[in-house]
Amino acid sequence: MKYIKFLVLCAAVMGLASCHEVDITERDMTTRVSLSPATTEFAATATTFVAAVQVNSGSLLSDLGWEAEITSSTPWVTVSKTTVEQTFTPTFDKESSYTNVVEAVELKIAANSEYKRTFELTFTIADGTVVPFTFTQLGQKADAAVSTDRKNIEFLAMGGSEVVEYTTNMGDVASFTFTNGDGSAATWLSAEAVEVGKVKVTATEWTNKESGRSATMVITVGTAATSTASVSIPVSQLAAEDHYFLYGASAGDIAIKDAVQMEKTEADGVFVLTNFFCEEPKNEVLINKNSRELSYPCYALAADGKVAVLESASTAYTAPVIEANGLRALTVNFNDLTWSWERITTQYAMPDSELANYPTKAYIARDGSMKVWMVRHMAWDGGDINPKLGSGMVKHTGNGSGGTGGYAAADFPTVWNDVAKLNPAWETKESGLGNLETYSDDGRIYTYHEMLGYDARFGIGYARYEQGPWVLGEKFTDARGTTYTIAEAPLKAQIDQYTGDNAKDEELYPMLKVQAQGICPYGWHVANTADWIDLFYAMSQATIEKGETKYPVKAEDCTYKQFINGGVPNTNGWLRNTEYWGTEYSSQYADEFGFNYYPIGYRYMTQGFQNWSMRIQSWVPLPMAGSKPADYPSAGGARFNVINKTNSAHCAPLANLDIGQAVCPFRCVKNYK
């Protein structure tokens, strides 16, 4: 019965096939060979490989005879014929199986103590068909490898040479090729090996004034016998016109070899550039013409909007005053040797005129530089605007909501003046919608949007999981001019994603260092995660200097991993001061440290204003994964806590807050290189 069922099914299949005309010319009627198993790569150890050989002629299995031979001179591999048993189970009769003896090929491959190598096995079929197979055997020696840190090579129109460094395990066995975009050889470029890992690339002069030219350089190392590897570097040459390159200590400390090319405008002789400019003792901003090498004459931005021509290194000129570290759009007119620039700032930034209200102090950072902090919470309300930025705090002494109430998650207001949902008993008088008296002398509290300068709303959140101003995956350029891809940082639950090495963690999560201006004044930014780590480091150095034993901070604890995994021990004693917190829970050197972290409190929209004079938590501009819907396009913001006034424990860890829920204070730090 088994065989009857099988024959009936076969007949049915054949019947179906007969109802559909198949163009026989579409079929592959050639003779083909397949191996089972179909392995093509072997380990470096001695190997015996046996594979069943199947010959197909057209769509049918063929019994054509075959012979196999190694076609290249490879004494380390031999080939012979053999047989193997194969077990077959019919598709439609799983209970049966059949064992056949089939012809096979046997390869014996010697161990390979050298580099990767290949050989070719050729099958000759009785009908004259020849079918080659290529096999690879790995070697005990590493495959060829090459890498370079050089991202591109750029030449001026006059041509010249550049030395390119690369790393390889193939010694001096290297070749260099240049290809134009159309695939042709770029004969305007040549290469000369200087030493192992160094090659001098030379470009001929280019006279076209309309456009530059480009090519790709390929560095290839190794040989066919050892294996090869290659790396590509884009090469470009500027058009034959004047080019200007900006550098200098006050131009973000750009070295002359890395000078930034200015952009030519439609006006002849007028060039522009957006760059980070900073305060320096000399306020030195220099410009070279057609060169990234030290040469004279060159240009310098001088006082009163003039461009000085420096005939030598000793040429005297009066440098301009650069009053703040920040992004500026610079315009230079080389016709009349004048320049001007405009600040690139945020719409709600606190004006310079308010800076006198904010005492500052410099603290040593991990790299030995000094970071300048405002030692007062931000209290800028936006001036003559309505609604204003943030909210004053409601004074009370309770460690909780203080009777001010809070909204259910479903009843959040939809705008700052949503009279249908805002309860006057829970809102401030300054908003014009409530009855609560507020206090702003020691700082205000802000929504995440307000802190980052995207909105003004009297410190009112609009939704429990509000859409944030930073959308994951989008780009953001900070006050330093660095462009970031918005991405979340891991929370405590993912603490193993931090290495404990600050430099490595900053590479993994670049936004730890973002200098987001927000509503801080021009030249300042919202204190970021790296700033807090540096502040803790300053505490560790003060611990050593002062011999602090009650609240000792260790430099090795000042890591992102520790900050997020439980907080950096004992830092609260230095952040507090005796005036606000008393002496019991403050370091005896806290007043001298001078951070003045006043316990202003905060607001949760579901709970109300709370913890004035009892507790402080600050915003940190860092998107962190949180308890938001899975498809939420923006992350929650990060907060940094100091434990309640009556708690001597160390600072609470950096953690997530839902940005529509929380309204918090924050600090500003002066921009740095």
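The aromatic ring centres of Tyr407 and Trp426 sit less than 6.0 Å apart. Aromatic ring centres of Tyr589 and Tyr551: separated by at least 6.0 Å. Between Tyr448 and Trp619, the distance from one ring center to the other falls under 6.0 angstrom. Centroid-to-centroid, the aromatic rings of Phe666 and His525 stay 6.0 Å apart or farther. The ring of Tyr509 has its center no closer than 6.0 angstrom to the ring center of Tyr560.
Residues in residues 536-545 take part in no salt bridge (Lys or Arg N to Asp or Glu O under 4.0 Å) pair, two or more places apart or across chains. Applying the salt bridge (Lys or Arg N to Asp or Glu O under 4.0 Å) test to residues at least two apart or on different chains, the pairs with a partner in residues 496-510 are Arg366-Glu506. The stretch residues 444-453 participates, sequence neighbours left out, in these salt bridge (Lys or Arg N to Asp or Glu O under 4.0 Å) pairs: Glu430-Arg444. Note on residues 516-560: pairs passing disulfide bond (SG atoms under 2.5 Å apart), not counting sequence neighbours, are Cys520-Cys668.
For the ring-ring contact (aromatic ring centres under 6.0 Å, His included) test, residues two or more places apart in sequence or in another chain that qualify with Trp341 are Phe277, Trp339. Under the side chain to side chain donor-acceptor pair (under 3.5 Å) criterion, Tyr247 pairs with Asn288, sequence neighbours left out. Partners of Lys550 by salt bridge (Lys or Arg N to Asp or Glu O under 4.0 Å), not counting sequence neighbours: none found. Under the rule for a side chain to side chain donor-acceptor pair (under 3.5 Å), Thr583 has no partner lying at least two apart in sequence or in another chain. The side chain to side chain donor-acceptor pair (under 3.5 Å) search around Ser540 returns none, not counting sequence neighbours. Take Cys664 and apply the disulfide bond (SG atoms under 2.5 Å apart) test, not counting sequence neighbours, and it matches no residue. Partners of Gln347 under the side chain to side chain donor-acceptor pair (under 3.5 Å) rule, at least two apart in sequence or in another chain, do not exist in this structure. Every ring-ring contact (aromatic ring centres under 6.0 Å, His included) that Phe476 has, sequence neighbours left out, goes to Trp470.
Neither side chain, Thr482 nor Gln515, offers a donor N or O lying under 3.5 Å from an acceptor on the other. Under 3.5 Å, the side chains of Tyr462 and Thr447 contain no donor-acceptor pair of N or O atoms. Checking Tyr598 against Asp441 by side-chain atom types alone, no donor-acceptor pair falls below 3.5 Å. Asn611 and Tyr602 share a donor-acceptor pair across their side chains, judged by distance under 3.5 Å alone.
Of the possible donor and acceptor atoms, one in the side chain of Arg576 sits under 3.5 Å from a partner among the backbone N and O of Tyr585.
Within the 4.5 Å cutoff, side-chain heavy atoms of Thr485 are placed close to those of Lys475.
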